[in-house]
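No experiment lies behind these values; they were computed from the predicted model shown.
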Amino acid sequence: MMKLKTKTTGLSQMKGSSAVGDDRPMDWELRPGGMFVQKRTPDSDGESTPTPTIRVKVKYGSTYHEISISSQGTFGELKKMLVGPTGLHHQDQKLLFKKKERDSKAFLDSCGVRNKSKIVLMEDPISQERRYVEMRKNAKMEKASKSISEISLEVDKLAGQVSALESVVCKGGKVAENDVLNLIDLLMNELLKLDAIMGDGDVKLQRKMQVKRVQKYVETLDLLKIKNSMATIQTQTHNTNNSNHQRQTSRPSFANTKLSTIQEEQHSTKPTTASSTVVTTKWEIFDASPSIAPTEHAIPPRFNWEFFE
């Protein structure tokens, strides 16, 4: 039995595989003349054969502009070429061909644009407003980014002063409290400037980083202020103790002086008290017994007795 050979047509070959023998699927598009060609993309490389150049008439208001462009170009390329003659930004342009708005990525030949074809150019107010909003947003972001950069430079200068004070305190030295307070005030002013900046994306991230830096330096200064105050108190206490010790060694205390004075007074009054005691404690003993004869100078007592029955 004879095998029949299947003849592959050009169309099936075109639909099934590429011309270079690749099995990958390929997209095709229909040209205005009815011919199938490989679908192109704006990023695709040009063919080896030169593409024909066409001249199209573009009407803008009451003025016509003739533009020479490749037949395989896009409407976006045509918009960029119309910026010079019309003075209209390419994002604000709207091109109409055969009373239909064409996308910027669409190819001229795919849409049926040929030599001496007429295209209408109109201004797109929506795109123009959108572009103005984007421009204002970009300008605002740029201004915010510049402000953050200036604040960052100022914070770098203040950070050097913070490091200097921290080095002095860590070595046991003392710094003026006003220097610490003034530095804290300057950092807080920079923090207020950062709070006034509004932005999204990179600006928001940069602002957040600078806020954390400033807060860190303020916390460091608060700790330095506490350490510096404690060192000042210890120094004052040490000086007070030394002063009291010097006063105690230079003159006797009030209690010792008073005790010495009392002892001297007791010592000086002791003989007088003893002699007085001898005089006052000498007592005479009288005995009323009749057996003892009275002395010479003694006068016997006389009693008047009365008896009562």
*Judged by modelled atom types alone, do Ser104 and Lys79 share a side-chain donor-acceptor pair under 3.5 Å?*
yes
My understanding is that only residues two or more places apart in sequence, or in another chain, count here; which of them pass side chain to side chain contact (heavy atoms under 4.5 Å, CB included) with [X]?
X	value
Ser167	Lys171
Thr86	Tyr60, His65, Leu82, Leu88, Gln93, Leu121
Val169	Val175, Leu224, Lys227
Asp200	none

Where is the tightest heavy-atom contact between [X] and [Y], given as atom of each residue plus distance?
X	Y	answer
Glu123	Gln128	OE2-OE1, 2.8 Å
Ile197	Ser147	CD1-CB, 3.8 Å
Gly112	Phe97	O-CZ, 3.7 Å
Lys57	Tyr64	CB-CD2, 4.5 Å
Val168	Lys174	CG1-O, 4.0 Å
Ser68	Arg55	OG-NH1, 2.7 Å

If the threshold is 4.0 Å, N to carboxylate O, is there a salt bridge linking [X] and [Y]?
X	Y	value
Glu219	Lys216	no
Arg207	Asp195	yes
Asp156	Arg213	yes

Side-chain touch [X]/[Y], heavy atoms, less than 4.5 angstrom:
X	Y	result
Leu181	Asp179	no
Gln206	Ser145	yes
Glu190	Leu158	yes
Phe75	Leu108	yes

If you round to the nearest 0.5 Å, how far is [atom2] of [Y] from [atom1] of [X]?
X	Y	atom1	atom2	result
Gln210	Ser149	CD	OG	8.5 Å
Thr220	Leu187	OG1	CG	9.5 Å
Lys105	Thr74	NZ	OG1	10.5 Å
Ile184	Tyr217	CD1	OH	14.5 Å
Ile119	Leu78	CD1	CG	5.0 Å
Leu223	Lys225	CG	NZ	10.5 Å

Just wondering, more than 12 heavy atoms not from [X] lying within 6.0 Å of its [atom1]?
X	atom1	value
Glu101	CD	yes
Asp222	CG	yes
Leu153	CG	yes
Glu129	CD	no
Glu177	CD	no

*List, by chain and then residue number, the residues other than Leu96 in its hydrophobic cluster (Ile/Leu/Val/Met/Phe/Trp/Tyr, side-chain heavy atoms under 4.5 Å); write none if there are no others.*
Val120, Met122
*What residues join Tyr132 in its hydrophobic cluster, counting side-chain heavy atom gaps under 4.5 Å, either direct or through other members?*
Met135
*Is it true that a side-chain atom of Ser117 and a backbone atom of Arg114 form a donor plus acceptor pair closer than 3.5 Å?*
yes
*Does Met188 share a hydrophobic cluster with Val155, counting links as ILVMFWY side-chain heavy atoms below 4.5 Å and allowing steps through other members?*
yes
*Are His89 and Arg131 close enough, and set up right, to give a side chain to side chain contact (heavy atoms under 4.5 Å, CB included), and what steps lead you there?*
CA-CA 10 Å; His89 196 274; Arg131 187 173 62 88; 3.6 Å; yes
*Dump the intermediate steps for side chain to side chain contact (heavy atoms under 4.5 Å, CB included) on Ile69 and Thr53, then the final yes or no.*
CA-CA 6 Å; Ile69 189 172; Thr53 302; 5.9 Å; no
_Intermediate values then yes/no, side chain to side chain contact (heavy atoms under 4.5 Å, CB included), Val58 and Val56_ = CA-CA 6 Å; Val58 180; Val56 294; 4.3 Å; yes
